[in-house]
Amino acid sequence: MNLEVSRSSTLWSRVGLARQRVFDRRRQTLFLIVFCVLCLGVILTGSARAAVANQTNLSERNQAPSWAHPFGTDWLGRDMLLRTWSGLSLSLQVGFLAALFSSLIGLLIGLTAATLGGAVDAFFSWWIDVFLSLPHMVVLILLAFVSGGGLNGVVISVALTHWPSLARVIRAEVYQVRSADYVQLSAKLGRSSFWVARHHILPHIWPQFLVGLILLFPHAILHEAGITFIGIGLSPHQPAIGIILAESMRHLSTGYWWLAVLPGAALLVMVKLFDILGENGRALLDPRTAQE
Amino acid sequence: MNILRYLIKKLLRLILLLFTISVLSFTLVSLSPIDPVQAYVGAEMMRIGPEQRQRIAERWGLNDPPVVRYMRWLSSLMRGDLGTSAIYNQPVSQVIRQRFFTSLGLMGTAWVLSGVLGFLLGVLSGARAGSWVDQIIRFYAYLLASTPAFWLALLLLIVFAVFLKWAPVCCATPPGVLPEQVTFAQRLHHLVLPALTLSIIGIANITLHTRQKLITILNSDYILFARAQGENLFGLIWHHGLRNIALPAITLQFASISELFGGSVLAEQVFAYPGLGQATVQAGLRSDVPLLLGIVLFSTLFVFTGNALADILYHLIDPRIRLGVES
Amino acid sequence: MLEVRSLSIHFHRYARGLRRTVLTPVVDLDLKVSAGEVVAVVGSSGSGKSLLAHAVLGILPSNAHIEGEIWYKGQLLTPERQAAMRGRRIALIPQSVSFLDPLMRVGAQVLRAAQLSGKNRHSAAAQRAIFQRYQLPLEVERWYPFQLSGGMARRTLVSMAVVGEAELILADEPTPGLHPEVVQETLNHLRQLADEQRGVVLITHDIQAALQVADQIAVFYAGTTVEIAPVTAFSGKGEGLLHPYTQALWRSLPQNEFIPLPGMQPSPQDLPQGCLFAPRCPLATAECTAERPTMRAIAQNQVRCIHAQG
């Protein structure tokens, strides 16, 4: 009798466990979707509100946060919540473009280096080393300066500085896949290297690439905000979050703390969300870490 | 003998690296759409005629092919001549030297502070993994890992300089005081906030890394054996833990110099601290090409030195590398 | 001296959320060790024998749950008592050089063991003395573990256990893949320690080694001791052995009939109901799967089998 009970309970707990696991996965996926929708919302509506965000209202200047203006207003009476919103959306778009280009460069260089090997590999590995041994900020400033600043300058400079780590990951991954038995076998069976790349290597690289792309986001956005803050990136007519913070500097000594604190906190939240998205995506896409 | 060969290898690598970067940055700058003459002359461009302009270009050798210009730049570089900074009206090497020593105090303080604090927090967090102390420290570190340095600088500025008035709002010395009359205490007073910014940001990385490393070590065989000998948690960390996590932590801290340099650019901007970071920003904003190129090369050297020191330290300290070269 | 009564060790592993698995690598284990004797616990590698030593010392990981009792010299061991005895009264000889701190000089590690064993003032002298006893050259003091040869590492590990005045020595797999001479030397050391009136537990997968030095042999199967027999019972065709697994083990040795036992040990995640050996046992009956058999004393042996007869 006793036996029966314990057996059925283990069965039940097993069903429960399976359900738990499915639920965990589903909850993660749900989180991903909700998050993406949220971000898209910020991107789309934020840009659409750029005109509203730049509306001045001199009767409501320098107001501390209130219900009407949760983030307060600035010296021209512009609502800081709207400005932060459109600023975030601009930063997000710039960050997305830069991260996308950067990860494509990383993918291309990682793939080329590992598939061609030999001198080509040595050449690209050297460049990866060179880029990793330069301080990011200095290269960003140099590149932004060389490309003439502006939106293009920011995207180019951020894209050109963030690829090495991903290129390294992809290169290692390709080497690992290529040394696997089944890939060695298909090569012996006379498959062309293009066929091998298409059927064996790309499917393995894809998750790495996607996760790498998402994890590049926070860096891209932070560095974009950084050089914009310095004043080398976007112009005051393109009020990205870095510009908003840079402008706030002039008004800090008068005690208008909300001009800097709240937009920066919003930036931090956004960056953190991307971090979480990347980590979750890694767990979901990469079967190795998903086991943990 | 071995260490000598190792050092020579490092040195060759450095030379190759600097050469690559000089070619790269020179190529980039010559591809730039920015006209160096216009950048130099600035607002007075209107008053300069095309002939005058041509003469400047000729004197600077701007009409020569890029390779010739590069070789000229490189040969003067070899002689230690980095050119003249237009915005500071001084030799670039002199600007870099002055500014670097200003930044060095800032970065050095932050480096030591973040290293020591981060290490201690990491040890605390790793030793009590899973406890509420660990949770708090980890939350703090993860949050800081994505905090923009310039925003943190602004926060500190608002709280400690604007509201509490404990620290000055800007600069490295009080305004209106001659450099030779500035006291050490005054310098320190101006250093506090920027150094604090960089320290707080720098702590995250070293804390998380040290925590992870300590947890790994506390699960190792030799810790198990030490426990079997009657060692308690404090003894485990004191006798075995610190010994084994110190080297990786030091290496990481040296490797973080690149990030530190980037952070100092932003922090110096916020606090108007006249260091190398601010000079970098000015060179970029005001198209001071010789200064920018000089800083690129110098910062490479600086970061490389940091990494090399960590590497050399490893070779000198770790007995497995120091004594076991043959095996 | 040491008495382990129906010791079970469970591991609860929590994955995400409430998902968890239970492992039971040690089940209802019994063992008795007297001063002056070597008791060998023999079982296949990776079957959780080491956990027995860790449980006696009280150094199991925090997710382990223990049932049963461990008595030492008439005292029930509690975590506090274990903490007081670790290194002082009960000492461990670990498997390999990886149990030494890779960045600490060998002499300092032996010295630390001496300090922890309570020889605060005389620990330096004790360390020198133990080096002499185990013929470790003085310069080894300044060496790091990776510089030690196999034999030296072995002697260092033994000396660390013995530098104090531990009365009970737990030797956990002390002869893995060593040169035969070193194995012999290590076994001799263990025998000497027992002859000095210490109790020695030799945990090993190597039955040949156990036969050389042990007084009693405890056969470990699927987490429990199925039979404890005097070493003399392991002779001839194994007539003195009472448990079917012990007999099968004896027959499977190369110098005997060399007949392997078909099947595999059950996984600690999925133990059978009733007798743990029943699924592979030629004598198994319905009663065997109903209940776990208890340890019975028959002649000089202790057997966990309902079919065993003297």
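Just so we're on the same page: letters track the sequence lines, and every chain starts at 1.
Looking only at side-chain heavy atoms (C-beta outward), A:L134 and B:V303 stay at 4.5 Å or farther from each other. The shortest distance between side-chain heavy atoms of A:F145 and B:L28 does not fall below 4.5 Å. In this structure, A:W257 and B:V162 have side chains that are not in contact, with every pair of non-hydrogen atoms separated by 4.5 Å or more. A:I141 places none of its side-chain heavy atoms less than 4.5 Å from the side chain of B:I295.
For B:V270, the parts sitting under 4.5 Å from any heavy atom of chain A are the backbone and the side chain alike. Looking at A:L143, only its side chain comes within 4.5 Å of chain B, counting heavy atoms on both sides. For chain A, the nearby part of B:L157 is the side chain; its heavy atoms alone come within less than 4.5 Å. B:F302 does not touch chain A: none of its heavy atoms, backbone or side chain, sits under 4.5 Å away. There is no contact between A:A144 and chain B, counting heavy-atom distances below 4.5 Å. For A:L142, the parts sitting under 4.5 Å from any heavy atom of chain B are the backbone and the side chain alike. Of the atoms belonging to B:L285, heavy atoms from both backbone and side chain fall under 4.5 Å from chain A. Only the side chain of B:L24 comes within contact range of chain A, with heavy atoms under 4.5 Å apart. Residue B:V281 touches chain A through both its backbone and its side chain, counting heavy-atom pairs closer than 4.5 Å. Both the backbone and the side chain of B:L17 come within less than 4.5 Å of a heavy atom in chain A.
Each of B:I21, B:L152, B:I257, B:V159 has some count of heavy-atom pairs under 4.5 Å with chain A, and the biggest count is that of B:I21. Looking only at heavy-atom pairs under 4.5 Å with chain B, the residue among A:I232, A:V261, A:V139 that has the most is A:V261. In terms of non-hydrogen atom pairs under 4.5 Å with chain A, the most contact-rich of B:V296, B:L155, B:L260, B:L293 is B:V296.
Among residues at least two apart or in separate chains, there is no side chain to side chain donor-acceptor pair (under 3.5 Å) pair with a member in residues 199-208 of chain B.
Note: A:M137 CE to B:S299 OG = 12.0 Å, rounded to the nearest 0.5 Å.
Looking at every heavy atom in both residues, A:P135 comes nearest to B:S258 through CA-OG, 3.3 Å. Nearest heavy atom pair, residue B:R13 against residue A:D129, reads NH2-OD2, 2.9 Å. Counting all heavy atoms, side chain and backbone alike, A:K272 lies closest to B:S146 at NZ-OG, 3.1 Å. In plain terms, the two heavy atoms of A:L222 and B:F150 that are nearest each other are O-CE2, 4.5 Å. Nearest heavy-atom pair across A:A260 and B:W151 is O-NE1, 3.0 Å. Nearest approach of B:L154 to A:S248, heavy atoms of both residues: CD1-OG, 4.3 Å.
When the shell of 6.0 Å around CH2 of B:W166 is examined, it contains 12 or fewer heavy atoms from other residues, nucleotides or ligands. Atom NE2 of A:H219 has 12 or fewer neighbouring heavy atoms from other residues, nucleotides or ligands inside a 6.0 Å radius. At most 12 heavy atoms of other shown residues, nucleotides or ligands fall within 6.0 angstrom of atom CZ in A:F101. Counting non-hydrogen atoms of neighbouring residues, nucleotides and ligands closer than 6.0 angstrom, the CD atom of A:E247 exceeds 12 such neighbours.
Contact annotation for residues 151-165 of chain A against chain B (heavy-atom separation below 4.5 Å): no residues qualify.
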